[in-house]
Amino acid sequence: MLKMIKSSFSSRSQFFIFSISILLTISCLPQKHKLGLLGEKAMVVSAHPLASEVGKDILLLGGNAVDAAIAVHMALAVVYPQAGNLGGGGFMVIREKYGEVHSLDYREKAPLAASRDMYLDAQGNPQPEISQNGHLASGVPGSVDGMVKAHEKFGSLPWSALINPAIVLAEDGFNLTEVEANFLSSYSGNLKKYSTIDPVHYTGKVFKTGDKLVQKELANTLKLIRDHGREGFYAGEVADHLVAEMRRGGGLISHEDLEKYQSIWRKPLTGNYKDYRIITMGPPSGGGIILLQMLGILENHKISKNKFSDYLHLKTEMERRIYADRAEYMADADFYPVPVEQLVTDKYLKERFQNFNPDKATPSTEIKAGDLLQESEETTHFSIVDQEGNAVSSTTTLNGNMGSKVLVAGAGFILNNEMDDFSIKPGFPNMFGVLGGEANKVEPEKRMLSSMSPTILEKNGKLFMVVGTPGGSTIPTSVFQAIVNVIEFDMGMQESVNENRFHSQWKPDWISYEKGYSNEAIMKELRAKGHELKERNSIGKVDAILVREDGTLEAGADYRGMDSAAGF
Ligand code: DON
C-alpha cells in the first residue's frame with residue numbers, strides 16, 4: 001500500500017489527477033461568511049488554498065494530521081514565500097486522538113558567532129536595519145529539522161509523498177492572484193537589494209495577475225530534502241549554498257551551526273479555563289504563557305457582549321501588565337530561568353491584578369513587571385484535524401514579510417530575520433514594538449523569544465478547538481479573542497475569526513483597533529476610562545477549527561488574507 005502511494009506521488013501529473021478526481025471533497029475560498037466550511041471527518045485551514053488542498057489530499061490518502069502538516073508546511077514554503085519557509089522556524093502543538101499531547105520547537109537559533117552587542121554601533125546605538133534585513137538578521141533555520149523530527153515520530157506516509165506536492169508546485173509553478181502579484185512586485189526591490197545574487201525569478205519583472213511563479217532552485221532543494229531528509233538541507237549542496245551566501249553577505253551562519261541545529265520535543269504548556277483545557281506552546285515562546293495568564297485573569301471576572309467596552313477595558317488592563325512581564329521574564333528557558341509556573345498561578349495573577357480599576361485605565365508608565373518570588377509581519381498558521389481525531393496546530397515564520405529578504409543563491413529559499421526577536425538592546429523595541437532586557441539578550445545558540453501560540457483546546461476531555469495566527473506580538477491576544485468569542489460570546493468558529501480584533505501590549509500605551517471598526521459608542525466609553533485608541537491595519541490571520549456539538553468540524557479561515565479551508 002505504502003509503495004503504491006509513493007509511486008502515485010512520484011509522478012506529478014498523477015498527483016494532480018488524483019486531486020481533481022476526488023469529487024466528494026469540498027473546499028472554498030474564505031469570504032466574510034458567518035458559517036465556515038463544515039467537514040464531517042477532517043479539515044485543513046491554512047494561509048493558501050493550494051496548501052490547504054495539498055493537506056486535504058494527504059488526509060484523503062490516509063495520512064494523519066502530522067503527515068498533512070508536513071506537506072502543508074512544505075507547500076506553503078513554495079506558494080506563500082512571505083512566511084511559508086525552509087529558511088525559518090516555528091512551533092507545532094499536537095494532540096493525538098486519545099489525548100496525548102506534544103509540542104515541537106523548531107525555532108531558529110542564534111549562530112555560534114552571535115554576541116550580545118552585535119546590533120549596536122560604536123556608540124552603543126541599536127541598528128535595527130541590520131537586525132531586520134540582510135545576512136546578519138538570520139538565525140539558524142529550524143523548519144526542515146522540525147519536519148523531519150515530526151515525521152520520525154508520527155509520520156505514517158512515506159516522507160517523499162509529503163514533499164512531492166511542494167516539488168510539483170515549485171517546478172511547474174502556480175498562477176498568481178492579483179494580491180500575490182502585487183505583493184511579489186512590491187518586494188522584488190528589497191530582495192534584489194539584500195540578496196548577493198539577484199533572484200531574477202522574483203525581481204526580473206513586475207508580476208501581473210495570472211503570471212506563473214516557477215522556482216526551479218527551490219524545487220531542487222526540496223528534492224534534496226526529499227531524498228536525503230535532514231542531511232539534504234543541513235549538509236551537502238544546500239548547506240554549501242547557504243554558507244557561501246553568508247560569506248558573500250557578511251552573515252554568521254556556518255557549517256557547524258547547520259550541523260548542530262536540532263529541533264526539540266518539549267512538554268507543551270497546559271492550563272485550564274472553566275471546563276476547557278488549553279494545550280499551547282511554552283518557552284522559547286512567551287505566547288502560551290501570555291494566553292494562560294489572560295485566561296487565568298478572565299476566569300475571575302464576568303464579561304458580556306452587552307458590555308463590550310468593559311470587556312475591552314479588562315482585556316487591555318490584563319495586556320499591559322502581562323506584556324510588562326513578557327519584557328522582564330520571558331525568553332529561551334534553556335538560557336534563562338523563565339518562571340513559567342509562577343507566572344500562570346492563580347495566586348500570582350490575582351496579586352498582579354489587584355490594582356485593576358474597572359472604571360479607569362492605569363497608565364503603562366505606572367506598570368512594572370510583577371514581583372516574583374526568587375526561584376520565570378509575516379508568519380503563517382495552519383490548523384488540521386484528521387479523520388481519526390488527531391489534531392495539529394502549527395505556526396511557522398520567517399519573522400517579517402520575506403524575512404531578511406535574502407534569497408540563498410543556488411538554493412532558492414529565503415532566510416528569516418528572526419534575530420530581531422531578541423532584545424538587541426535593553427529597552428529598545430523590536431519590529432513589533434515589544435521590549436525586552438537581560439532575559440532575551442542575544443547569546444550564541446540561544447532561541448529568540450517568540451509570541452507564536454499554536455494552541456489546542458479540549459472540552460471535558462475531548463478535542464474542542466485548534467487555533468493560532470500570525471501577527472508578531474498580537475498573536476497571543478488574537479488567539480485569546482478567538483477563544484473568548486466562541487466560549488463566552490457563543491460564536492461559531494468563522495464568526496469568531498471574522499470579529500474585529502483589538503490589541504494592547506503595555507508599551508506603546510494604547511489600544512489598537514482594526515481599520516473599519518466604527519463603533520463610536522464603545523470607543524467613547526473606552527476613552528472615558530482613560531484609554532487612547534489607534535487605528536491600524538488588520539490584526540492577525542486566525543486559522544482555526546471548532547468541533548461542534550454534533551461532532552462536525554467548522555473551519556474558521558481568516559478573510560483578512562487568502563486563507564482557505566479544505567475538508568471532507
Ligand atoms: O516569533 C514571533 O513572535 C515573531 N517572529 C512572529 C512574526 C509574525 O508573526 C509576523 N507576522 N505577522
Side-chain angles (χ1 to χ4, degrees), residues 46-48 76 80-85 87-93 103-110 128 131-133 137-143 146 183 187 263 280-291 322-323 326-327 330-332 377-382 393-405 414-424 429-436 440 442 446-455 467-479 501 503 505 512 514 536-543 558 560-563:
S46 86
H48 200 287
L76 285 169
Y80 198 66
Q82 54 266 55
N85 66 82
F91 303 114
M92 188 185 282
V93 172
S103 70
L104 180 60
D105 164 5
Y106 58 97
R107 180 75 162 164
E108 302 91 326
K109 292 174 76 166
S131 69
Q132 291 175 13
N133 298 299
S138 300
V140 184
S143 287
F183 173 81
Y187 270 83
S263 52
T280 186
M281 195 67 214
S285 180
I289 301 175
I290 294 171
L291 180 63
I322 290 170
Y323 276 78
R326 181 193 192 276
M330 298 182 205
D332 180 351
E377 197 149 349
E378 181 76 39
T379 296
T380 188
H381 174 84
F382 53 90
S393 184
S394 190
T395 315
T396 181
T397 188
L398 291 166
N399 195 24
N401 264 327
M402 297 279 189
S404 62
K405 291 98 186 166
I414 296 169
L415 281 167
N416 67 82
N417 60 345
E418 218 72 67
M419 293 295 282
D420 190 62
D421 270 348
F422 280 117
S423 174
I424 64 170
N430 75 3
M431 63 189 275
F432 302 104
V434 278
L435 303 174
N440 190 34
V442 184
K446 185 179 181 181
R447 286 158 152 90
M448 50 300 280
L449 177 61
S450 173
S451 299
M452 292 188 283
S453 318
T455 297
V467 57
T469 182
S473 57
T474 67
I475 291 174
T477 64
S478 294
V479 171
R501 298 192 185 115
H503 174 75
Q505 57 179 40
S512 308
E514 293 181 296
R536 55 160 279 172
N537 288 336
S538 63
I539 301 177
K541 293 190 190 94
V542 174
D543 283 344
D558 210 320
R560 293 164 181 83
M562 41 192 285
D563 302 45

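Both counts, for ligands and for their atoms, begin at 1 and track the order of listing.
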Sorted by chain and number, sequence neighbours left out, salt bridge (charged side-chain N to carboxylate O under 4.0 Å, His left out) with Asp105 holds for Arg266, Arg447
Q. For ligand 1, is there an N or O atom under 3.5 Å from any N or O atom of Leu449?
A.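 No - when backbone and side-chain N and O of Leu449 are compared with those of ligand 1, no distance drops under 3.5 Å.
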task: Please indicate whether any nitrogen or oxygen in Gly472 is less than 3.5 Å from any nitrogen or oxygen in ligand 1.
output: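 In this structure, Gly472 places an N or O atom under 3.5 Å from an N or O of ligand 1.
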Residues at least two apart in sequence or cross-chain that pass side-chain hydrogen bond (donor to acceptor under 3.5 Å, both in side chains) with Thr395, listed by chain then number, are His381
_Least distance between heavy atoms, Asp543 atom then Asp558 atom_ =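 Smallest interatomic distance, heavy atoms only, reads OD1-N, 3.2 Å.
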Within 4.0 Å of some non-hydrogen atom of Ile475, the atoms of ligand 1 are 9 (O)
Point to revise | 4.5 Å side-chain heavy-atom contact, Arg326 and Gln505 | key: no
Is there a side-chain contact between Ser404 and Asn133 (heavy atoms, below 4.5 Å)?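 Counting from C-beta outward, Ser404 and Asn133 never come under 4.5 Å.
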Heavy-atom proximity to atom 4 (C) of ligand 1 ranks first, among Thr397, Val434, Asp421, for Asp421
Under 4.0 Å between heavy atoms, the region of Met448 that gets near ligand 1 turns out to be neither
Exercise. Does Arg107 have a non-hydrogen atom less than 4.0 Å from ligand 1?
Worked result: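 It does; at least one heavy atom falls under 4.0 Å.
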